Each structure stands twice: as C-alpha cells, then as structure tokens.
Chemist: 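Got a structure for you, written out below as structure tokens; questions coming shortly.
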Protein chains: 2
Amino acid sequence: MSRIDAMTIGNLAAATATKVETIRWYERVGLLPAPPRTDGNYRSYGDEHLRRLSFIRRSRDLGFTVKKVRELLALADQRDRSCAEVDIIARAHLSEIEQKISDLMRLSNELRDVIDRCGCGSIAECNIIGALSPDGGTTRPKLPIAG
Amino acid sequence: MSRIDAMTIGNLAAATATKVETIRWYERVGLLPAPPRTDGNYRSYGDEHLRRLSFIRRSRDLGFTVKKVRELLALADQRDRSCAEVDIIARAHLSEIEQKISDLMRLSNELRDVIDRCGCGSIAECNIIGALSPDGGTTRPKLPIAG
DNA sequence: TATGAACCCTGTAGCAACTATAGGGTCAAG
DNA sequence: CTTGACCCTATAGTTGCTACAGGGTTCATA
C-alpha cells in the first residue's frame, strides 16, 4: 500500500478542502494532533492526519459543533466500546437540526406575511415597517421611531 | 396620552424582554441612542426608546442581522421615502432564510440516513463512525482515526 | 549565485451578537 | 445605618474560524 506521507500543510489543505489557517487552528484547539516538523520547521503530515482531518470536516459539514466532533473523535478511537453513545449524539444533533428547521419555517411564514401586506407606498404607510413596530402594525406611528 | 417616561434600564429591559447588558450593548454599537442620565448617573429612557427598542427586538426575532436592522431603522426614519428599499431588504432576507431551510433539510436527510444505518454494535463496526470517515463508510478503518 | 515566487512560520486582531464577570456606586425600605 | 436590589464602567469570553503583519524556507530559473 502506497504511503503518501510527508504532506505539507498546503497539500493537506488541498486534499481536504480546508484552509491552511483552519488546519492550524484545529491544531491549536487540540482537534488535530501536532505533526512532526521538517528541518525548516514546516509541519509534516501523514495518512493518519489526513484521515482524522477528513473525519473532522465531514462531521463539521454535517453541522456538528467542534465540541461534539471532539466527543465523536474520542469515541471513534475506542474501538471496543458500544456505539450507543455515538448514536445518542447523532440523534440529539438531528433533533436540534429539525428544531432549527421548524423555527426557520415559522419565521419565514411570518416574514412572508409581513412582505405580502406591503403596498409599497411611502415609508409612512409601509406595512413592513408597521409590522416591525411595537403595536404589530395595527396602527401606524405618528412619530419617527426615535428622534 | 399618558407618558410613561423615565424608565430605568431594568424597566425597559422588562418591557421588551431584553437583557440589561444587551440594551447597553445596543447603545454602544449605536442602535439605540444614548438616553439622558439622572443625577445618580442612571440611564433614563422614554417612550421613544421603548418604541425603537421594540422595533429592534422584533426585527432581530425575525432574524434580521444587526446590520440590516440598522438599515431598516435608517429607512424607517425617512417617512416620505418610498418603501421599495424596505421591501427589497425584507425579500432578500426571506430568501436567505429559505436557503438556510433547504440547506438544513438536505443536512438532516443525510444525517438521518447515517443514523438509520447504525446497527449499534461496537465502535469498530459502527456505521455512523464509518459514514464520518474518509471513505464514506464503504470500508471500515483498520486503524484508529488518529494514533 | 542570485533572485523571485510560492509557500511556510508565529502571533495577534477581527467577525456576529451578545453574555458574563469584576469591582464598584445609588437608592429605597426597614 | 444597613441590607439588598438595582445601576455604573470596563473588560474578557463565547463559536469557528479568517485575515493580517512581519518574517523564514524552498525551489526553479536567469
């Protein structure tokens, strides 16, 4: 099996669609272990790093927080353990996302209502501004919102 | 018309379901104008502030960024102007929200797939971990993700 | 051999939109 | 006159990066 060891940080970045600065940041916060250095003090990455960074990126793309990724990584390294905990983390994350979706749906419906009522006259009679104002737009302000 | 002037920051906070620190922060960043002070150097708010803060909160609740709220406030104060710009900002925001919803839907579908494949055995054979790994879970890693 | 471009290094500051402390001052009730 | 609830400023922390500034390294080319 070919080992493509000794990647520079730029190579690793290209291989994982990650910015160089992000990789260095992952190292600083302890997500990605510090690799050995070359004589010129360049980071030198191997396959393990590539695998681990890919895992991190995929998890992040799925919306896991860095904190959760840390937990997942810790679990992933304990190969004999039951994956029930992984399942719990993933399900919790899924329900967070579903919650966020329903929040955004409620929000977009409300905003659509607001927009639909806009007759696009002057600001003074604008229903969007009215809907944002304290009384919810049932009456229109006689004065500017603040002086 | 009764004027309920001379609210303390705490009163204003209670009246708008906002934290005191948040109100001070809005002032610092120029969203809410600095009110007069009492002899004891307490902020003293009037109806105008209440109205403006309510507008801010409602806009924020609808997901507008602080930057957009600033724009909306600037427009709202120019009462003779056409509200076409308001309409544009609101519609742009709506489509951002709709985009976010569809991103999250794609994401939750993907995550659900990952979870559904989990047989919940050991980590070594966990399909969630597998799905997060570089190869997408078609083969399972022979080594820990990082040493 | 020199030089230029393209890469790498550290350290720090910035983004959104607050939130949370520390270390004090003010005010009304008892 | 003390207690407790409130207010003040200033500063640091949160999340997950991103963007400098001010250097050093490497490699190809002239």
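Here the structure is a predicted model, which means the values were calculated and not measured. We name chains A, B, ... by the order of the sequence lines, and we start the count at 1 in each one.
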Chemist: Select one nucleotide: of dT19(C), dC17(D), dT26(D), the one nearest the side-chain heavy atoms of Thr38(A).
Modeler: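 So the nucleotide nearest the side chain must be dT26(D).
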Chemist: Looking at Arg52(A) and Asp77(A), is any side-chain nitrogen of the basic one under 4.0 Å from a carboxylate oxygen of the acidic one?
Modeler: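 Result for this pair is yes, salt bridge flagged.
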Chemist: Provide, to the nearest angstrom, the distance between the CD1 atom belonging to Ile23(B) and the P atom belonging to dT9(D).
Modeler: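 Spelled out: CD1 on Ile23(B) to P on dT9(D) is 13 Å.
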Chemist: Could you tell me how far apart Glu27(B) (CD) and dA17(C) (P) are, to the nearest whole angstrom?
Modeler: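 Roughly 19 Å, once rounded to whole Å.
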Chemist: Does dC17(D) have its OP1 or OP2 closer than 4.0 Å to a side-chain nitrogen or oxygen of Arg60(A)?
Modeler: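 So the side chain of Arg60(A) is within the cut-off, an N or O lying under 4.0 Å from OP1 or OP2 of dC17(D).
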Chemist: Would you indicate what Phe64(B) reaches in the nucleic acid, counting non-hydrogen atoms under 4.0 angstrom: base, sugar-phosphate, or nothing?
Modeler: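 No contact at all - Phe64(B) keeps every heavy atom at 4.0 Å or more from the nucleic acid.
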Chemist: With nearest nucleotides of DNA chain D determined for Gly40(A) and Lys19(A) from heavy-atom distances, which residue corresponds to the more 5′ nucleotide?
Modeler: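 Mapping each residue to its closest nucleotide by heavy atoms, the 5'-most match is Lys19(A).
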Chemist: Between dA16(C) and Thr65(B), is there an OP1 or OP2 to side-chain N/O distance shorter than 4.0 Å?
Modeler: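 No.
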Chemist: May I ask you to verify if any side-chain N or O of Arg43(A) is less than 4.0 angstrom from the OP1 or OP2 atom of dC9(C)?
Modeler: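 Yes, such a contact exists.
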Chemist: Please report the distance, rounded to the nearest Å, between CG in Asp39(A) and P in dT25(D).
Modeler: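 Value for this atom pair: 11 Å.
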Chemist: Does the distance from a Lys or Arg side-chain N to an Asp or Glu carboxylate O, for Arg51(B) and Glu48(B), drop under 4.0 Å?
Modeler: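 A salt bridge links Arg51(B) with Glu48(B).
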Chemist: In whole angstroms, how far is the C1' atom of dG11(C) from the CH2 atom of Trp25(A)?
Modeler: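 Interatomic distance, CH2 of Trp25(A) to C1' of dG11(C): 17 Å.
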Chemist: Considering every strand and a 4.0 Å limit on heavy-atom distances, what is the contact class for Arg24(A): base, sugar-phosphate, or nothing?
Modeler: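 Base: the residue Arg24(A), judged by heavy atoms under 4.0 Å, touches a nucleobase.
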Chemist: I'd like to know if Glu110(A) and Arg106(A) make a salt bridge, using a cut-off of under 4.0 Å between side-chain N and carboxylate O.
Modeler: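 Judged by the 4.0 Å cut-off on N to carboxylate O distance, Glu110(A) and Arg106(A) do form a salt bridge.
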Chemist: Rounded to the Å, how far apart are Ile9(B) CD1 and dA5(D) C1'?
Modeler: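 After rounding, the gap between these two atoms is 15 Å.
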Chemist: I need the CG-P distance between Leu32(A) and dG16(D), as an integer number of Å.
Modeler: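 Atom-to-atom, Leu32(A) to dG16(D), this comes out as 16 Å.
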Chemist: Taking OP1 and OP2 of dA17(C), is either one under 4.0 Å from a side-chain nitrogen or oxygen of Tyr26(B)?
Modeler: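 So the side-chain polar atoms of Tyr26(B) never come under 4.0 Å of the phosphate oxygens OP1 or OP2 of dA17(C).
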